[in-house]
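Reading through the structure tokens given below for one structure.
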Amino acid sequence: MDGGDDSLTRKLPVTIRGIGVSRGTVYGQALVIDKQSVVIEPQLLSDERIPAEVTKLHEAFESSRKQIIALRRRVSDMLQETHAQIYDSHLAMLEDESIYTKTIERIEKDKFNAEYAFDRTVKELATMFAEIDDPYIRARGADLDDIYHRVMGNLQNLHHESLTNINSPVIIVARDLTPSDTANMIGQPILAFVTDKGGPTSHTAIMAKALEIPAVVSTNNVSKKVETGDQILVDGKQGFVVLNPDEAMLADCREQIQKRKQQEAERLRLRDLPAETRDGFRIELAANIEFREEIPHVKTHGADGVGLFRTEFQYLNKEKLPSEEELFEVYRQVVTEMAPKSVIFRTMDLGGDKLASFMTGQEMNPYMGLRAIRLCLKHPEMFRTQLRALLRATADHKARLMFPMVTRVEEIREARKILAATVRELRSENKPVARSIRVGTMIEIPSAALTADILAREVDFFSIGTNDLIQYTLAVDRGNQKVASLYDPLHPSVLRLIQFIIDKAHEAGIWVGVCGEMASDPVLAALLVGMGIDELSMGAVVIPEVKALLRSITLTQARELAKEVMRLPTGEQIREAVEKRYRQFRQAMINDSSCM
Ligand code: PEP
Ligand code: MG
């Protein structure tokens with residue numbers, strides 16, 4: 001029988017389940033990134049082996065140096081120079097004689113193998129850095145960590161490729177990815193990513209959507225089961241990974257890729273049509289962005305503007321605080337490229353899982369710690385630098401700004417005071433500033449939601465951050481896979497809070513949007529419109545789909561849906577009701593191709 005041998009040697013498919021957080025199906029080779037898995041065994045060398053270990057260390061340093069130089073060039077070509085500067089400090093640290101000579105000493109005098117000698121040297125230095133009370137020096141710990149993994153990878157011949165130095169298309173498999181890791185994915189030939197950790201609204205999931213990379217998170221230790229070079233298939237919608245997929249699975253995957261391409265082409269035809277229900281109710285559909293580089297993408301998907309610019313990403317991957325001029329340049333490009341459409345800048349939301357290297361001092365519970373507006377009010381100089389850049393960049397453009405993680409009205413008042421002082425300061429320097437800038441607040445904490453009537457008197461608009469609102473209302477960490485099944489946007493408490501916020505905003509005569517991930521699910525978008533929302537802001541890629549659905553329904557239908565679900569007692573029953581309606585809406589949409 002033909003191929004008998006082959007069928008004996010071929011490995012069987014293994015399915016690993018997780019949570020699909022960014023749609024799309026792909027297959028390809030895995031690249032496993034596991035920074036934690038370096039195992040270092042101490043060995044005592046015989047005298048004859050010492051020169052060989054010294055040469056090994058020298059070569060590992062030399063390879064690391066070349067890799068960093070290549071990486072720097074690549075990042076600077078593809079992104080802005082500022083993204084590349086971090087590699088200068090890596091290089092400086094690598095070239096600093098003390099790490100190298102101390103390690104050599106440990107090899108020659110103590111007769112330790114190169115890996116162990118290097119490990120000891122770096123750990124000693126890291127402890128020293130951690131104890132120094134200068135935030136700049138302590139932040140060097142992050143650079144040291146990077147250098148450590150690079151040199152160790154070269155010593156152990158692991159050839160761990162950095163996320164910014166990938167040459168052929170791969171599927172990234174990792175225990176976890178930080179927001180900085182995903183930021184480094186821009187422009188890389190990455191087909192998908194799969195992680196052991198993470199939840200549906202973790203920042204890595206959000207970034208994957210923004211970059212249109214299929215992703216599955218919260219898998220059962222995928223990084224231990226898959227090895228670099230393995231052929232895997234990723235389904236980012238259903239949320240599974242198949243190791244060693246068979247030919248039938250691959251054929252199915254190819255068919256889905258083809259189908260998706262056709263659907264995407266059809267959806268893009270919607271680009272210039274308004275997001276309007278069949279009975280003429282117009283909803284603003286805006287895009288969420290983290291980087292200026294996403295703007296062309298925002299435009300091709302027909303966004304009405306940028307509804308959330310997560311400005312904190314300009315602070316990540318940086319060794320020190322960005323200057324006013326650096327920020328000004330990014331903001332100016334964003335408003336110019338988006339003109340005449342408007343941009344909502346959210347002031348930096350650092351903290352939680354978005355930690356900049358200059359932020360020091362670990363917090364036990366960072367999501368409830370010194371995050372976002374709290375951090376800004378504690379460090380008004382840093383806040384003022386951002387506000388100066390924002391006010392200058394938006395002087396001649398349509399822009400608004402909003403504050404994240406507000407829990408009490410005093411925070412808005414204090415932030416507005418600093419804003420007003422910054423406007424006066426810029427005017428006294430004869431710098432151009434917008435005559436007036438609309439100021440809003442995010443509502444993403446239950447205390448803010450429940451005082452929406454009070455907050456509404458202080459601002460021009462609300463934007464509901466459902467990602468955090470859900471986690472704080474339900475006491476479910478948005479990034480913790482152990483409780484991912486409890487993270488429920490349709491929990492009656494969440495819907496009641498949203499309804500309360502909408503009603504109080506409208507009573508006060510201000511508009512209210514949603515910029516959390518809830519807005520990007522077409523099923524939930526219809527429900528939110530029925531509840532009275534004025535604007536929805538989401539990853540650009542889903543705008544056409546949400547628009548198609550809203551164009552196929554009436555406001556009356558959406559309101560009926562909202563009325564029906566508000567009476568139901570459990571999230572599960574609400575989901576059933578919403579999905580039943582969604583199937584009807586979709587059928588109507590397919591039958592009436594004019595909305596497509
Ligand atoms: C949110 O919390 O819903 C939100 C949009 O903010 P982020 O996801 O950046 O915390
Ligand atoms: Mg938030």
Side-chain angles (χ1 to χ4, degrees), residues 21-22 178-180 182-183 198-210 217 285-291 294 303 305-316 343-356 365-376 400-407 411 440-449 452 461-480 487-491 494-495 497-498 501-502 512-521 524-525 528 533 535-540 542:
V21 290
S22 178
T178 62
S180 318
T182 39
T201 58
S202 56
H203 282 276
T204 49
I206 292 170
M207 280 299 294
K209 276 192 211 162
V217 301
L285 289 191
N288 293 350
I289 63 164
E290 284 80 33
F291 299 99
E294 292 172 69
V306 169
L308 167 65
F309 179 17
R310 291 185 164 97
T311 61
E312 59 275 10
F313 278 77
Q314 271 69 55
Y315 294 77
L316 303 177
V343 178
I344 300 182
F345 289 86
R346 175 176 74 184
T347 58
M348 71 185 95
D349 181 8
L350 286 168
D353 67 344
K354 289 172 290 189
L355 299 172
N365 191 349
Y367 273 119
M368 294 210 186
L370 193 59
R371 180 184 165 189
I373 195 70
R374 298 175 180 180
L375 185 76
C376 289
R400 282 168 278 188
L401 67 88
M402 63 181 176
F403 307 122
M405 212 200 171
V406 163
T407 56
E411 285 161 344
T441 183
M442 290 199 64
I443 305 280
E444 47 185 350
I445 314 274
S447 66
F461 65 94
F462 283 164
S463 186
I464 307 176
T466 49
N467 303 341
D468 278 316
L469 186 63
I470 298 164
Q471 85 160 342
Y472 293 123
T473 304
L474 303 180
V476 175
D477 179 342
R478 61 195 265 191
N480 181 347
Y487 186 92
D488 184 7
L490 295 177
H491 190 290
V494 174
L495 295 186
L497 282 176
I498 294 176
I501 302 164
I502 296 172
V512 50
V514 168
C515 62
E517 289 303 289
M518 233 179 132
S520 64
D521 184 332
L524 305 186
L528 290 167
I533 219 75
E535 180 241 32
L536 295 165
S537 192
M538 63 202 79
V542 283

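In each ligand, atom 1 is the first atom listed, and ligand 1 is the first ligand listed. Values below: every heavy atom of this structure, side chains too, minus hydrogens, waters and symmetry copies.
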Q: Report, in ascending order of atom number, the atoms of ligand 1 lying under 4.0 Å from any heavy atom of Asp349.
A: 10 (O)

Q: Indicate yes or no: does an N/O atom of Arg346 lie under 3.5 Å from an N/O atom of ligand 1?
A: yes

Q) Within the stated cut-off of 2.8 Å, is an N/O/S atom of Asp349 closer than that to the Mg ion (ligand 2)? A) no

Q. Roughly how far apart are Ile373 CD1 and Met442 CE, rounded to 0.5 Å?
A. 12.0 Å

Q) Looking at Gly465, which atoms of ligand 1 are within less than 4.0 Å of one of its heavy atoms? A) 1 (C), 2 (O), 3 (O)

(Q) Using a 4.0 Å cut-off to any heavy atom of Cys515, which atoms of ligand 1 qualify? (A) 5 (C)

Q: For the Mg ion (ligand 2), find the closest N/O/S atom on Asp468 and give its atom name.
A: OD2

Q: Select one of side chain, backbone, both or neither to describe which atoms of Arg371 lie under 4.0 Å from any atom of ligand 1, heavy atoms only.
A: side chain

Q | With sequence neighbours excluded, residues passing side chain to side chain donor-acceptor pair (under 3.5 Å) with Asp468 | A | Arg371, Gln471, Arg478

**Q.** Worked verdict on Phe461 versus Ile344 for side chain to side chain contact (heavy atoms under 4.5 Å, CB included)
**A.** CA-CA 11 Å; Phe461 65 94; Ile344 300 182; 4.0 Å; yes

Q) Leu308 heavy atoms, cut-off 4.0 Å: which ligand 1 atoms fall inside? A) 5 (C)

Q) Checking side-chain contact (heavy atoms from CB on, under 4.5 Å) against Leu536, which of Val514, Val542, Leu524 comes through? A) Val514

Q) Relative to the Mg ion (ligand 2), which of the N, O or S atoms in Glu444 is the closest? A) OE1

**Q.** Nearest heavy atoms of Ala519 and Ser537, plus distance in Å
**A.** CB-O, 3.6 Å

(Q) With a heavy-atom distance limit of 4.0 Å, tell me whether Leu469 approaches ligand 1 through its side chain, its backbone, both, or neither. (A) neither

Q: Sort out for me which residue in Thr473, Ile443, Ile470, Ile464 forms a side-chain contact (heavy atoms from CB on, under 4.5 Å) with Leu497.
A: Thr473

Q: For Glu411 and Met405, work out which heavy atoms get closest and say how close.
A: OE1-O, 4.1 Å

Q. Which of parallel (below 30°), tilted (30 to 60°) and perpendicular (above 60°) describes Phe309 and Phe345?
A. tilted

Q: Between Ile464 and ligand 1, find which residue part has any heavy-atom pair under 4.0 Å and reply side chain, backbone, both or neither.
A: neither

Q: May I ask whether Met442 has any heavy atom positioned less than 4.0 angstrom from an atom of ligand 1?
A: yes

Q) Between the candidates Glu444, Glu290, Arg478, Met518, which shows the shortest non-hydrogen contact distance to atom 8 (O) of ligand 1? A) Arg478

Q.
Please check whether Asp468 reaches ligand 1 - meaning an N/O of the residue sits under 3.5 Å from an N/O of the ligand, judged on distance alone.
A. yes

Q: Test Met348 against Tyr315 for side chain to side chain contact (heavy atoms under 4.5 Å, CB included), laying out the working first.
A: CA-CA 8 Å; Met348 71 185 95; Tyr315 294 77; 3.3 Å; yes

